[in-house]
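Letters go in sequence order (proteins before strands), and every chain restarts at 1. Note that this is a predicted model, so its numbers are computed, not measured. All values below come from the heavy atoms of this structure, side chains included, with hydrogens, waters and symmetry mates left out.
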Amino acid sequence: MAYWLMKSEPDEVSFADVLAAPKQTTAWFGVRNYQARNFMRDAMRVGDGVLFYHSSCAVPGIAGLAEVASAPYPDESQFDPKSAYHDPKATRAQPRWISIDVRATHAIPFIPLTELRTIPALEEMVLLRKGSRLSISPVTAAEWRAVLKHAGVKP
DNA sequence: GCCAACGTTGGC
DNA sequence: GCCAACGTTGGC
């Protein structure tokens, strides 16, 4: 069991949106960064824990807990010429980009980025490293526990 | 809207 | 395979 942090722009898909979705599940599409894609393709497993992070918004931070809910599959939006995520170099025979399903599990009291930076156990967190822009990043078990503890959630 | 820090592209 | 130019991310 591994842990991850996934960034979403709440204007696009917020944690509340996923909680309200059928089966509390959403397809995580539109990842167009190879490192993030490779995490989904090679490392993320059904049941892995996910910190659902809101980025590019007034108050960025962790909004809730989720889990990986599917194996990887081709991201449909790469084939759609009308999509902002269209990739003319991708073909159905050789897809470039993949999606996974993510299921929201627990709402937690929102933890702003500024607050995350004050938690000593999170000092080395990939998200908090200078220049880090990855939309999907690994989270250690210790970091996961520290976030849950901070949020007052029983593991 | 600014801009630092990255990532990608494409000419050579 | 280098690297300059360009594009994107994302906090502020």
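Residue-to-nucleotide contacts include a donor-acceptor pair under 3.5 Å from the side chain of Arg133(A) to the base of dT8(C).
In this structure, Leu134(A) atom CG and dG11(C) atom P are separated by 13 Å, rounded to whole Å. Here dC6(B) presents its C1' atom at 15 Å from OH of Tyr34(A), a figure rounded to the nearest Å. Counting to the nearest Å, the C1' atom of dG10(C) and the CG atom of Leu5(A) are 14 Å from each other. Distance, Leu128(A) CG to dC12(C) P: 11 Å, rounded to whole Å. Spacing between atom CG of Leu113(A) and atom C1' of dT9(C) amounts to 14 Å, rounded to whole angstrom units. One atom, CZ of Arg37(A), and another, C1' of dT8(B), lie 14 Å apart when rounded to the nearest Å. Straight-line distance from the CZ atom of Arg96(A) to the C1' atom of dT8(B): 10 Å, rounded to whole Å. Atom CZ of Arg32(A) is separated from atom C1' of dC6(B) by 19 Å (rounded to the nearest Å).
Residue pairs meeting the ring pair (Phe, Tyr, Trp, His ring centres under 6.0 Å) criterion with at least one member in residues 31-57 of chain A, sequence neighbours excluded, are Trp4(A)-Phe39(A), Phe15(A)-Phe52(A), Trp28(A)-Phe52(A), Tyr34(A)-Trp97(A), Phe52(A)-His54(A). The salt bridge (charged side-chain N to carboxylate O under 4.0 Å, His left out) contacts involving residues 126-147 of chain A comprise nothing, where partners must be two or more places apart or lie in separate chains. Residue pairs satisfying the ring pair (Phe, Tyr, Trp, His ring centres under 6.0 Å) criterion with at least one member in residues 60-79 of chain A, sequence neighbours excluded, are absent.
The residue among Ser132(A) and Lys89(A) whose nearest nucleotide of DNA chain B lies closer to the 5′ end is Ser132(A).
Rounding to the nearest 0.5 angstrom, the gap separating the CG atom in Leu51(A) from the CG atom in Leu65(A) is 6.5 Å.
Contact check for Val126(A) versus Leu5(A): no side-chain heavy atoms found under the 4.5 Å cut-off. Inter-residue side-chain proximity for Leu116(A) and Met125(A) is flagged as unmet; no heavy-atom pair is nearer than 4.5 Å. With contacts defined as side-chain heavy-atom distances shorter than 4.5 Å, the pair Ser77(A)/Arg32(A) qualifies.
A salt bridge links Arg92(A) with Glu76(A): at least one charged nitrogen is closer than 4.0 Å to a carboxylate oxygen.
Pairing analysis of DNA chain C (Watson-Crick: purine N1 to pyrimidine N3 plus N6-O4 or O6-N4; G-U wobble: N1-O2 and O6-N3; both under 3.5 Å) yields stems of 3 or more pairs at B:1-12 with C:1-12.
Closest approach to the Asn33(A) side chain among dG7(B), dC12(C), dA4(B) is made by dG7(B) (side chain taken as heavy atoms from C-beta onward).
The side chain to side chain donor-acceptor pair (under 3.5 Å) check on Asp17(A) picks up Ser14(A), with sequence neighbours excluded.
Within residues 48-64 of chain A, no residue has a heavy atom under 4.0 Å from DNA chain B.
Of the side-chain N and O atoms in Lys7(A), none sit less than 4.0 angstrom from OP1 or OP2 of dT9(C).
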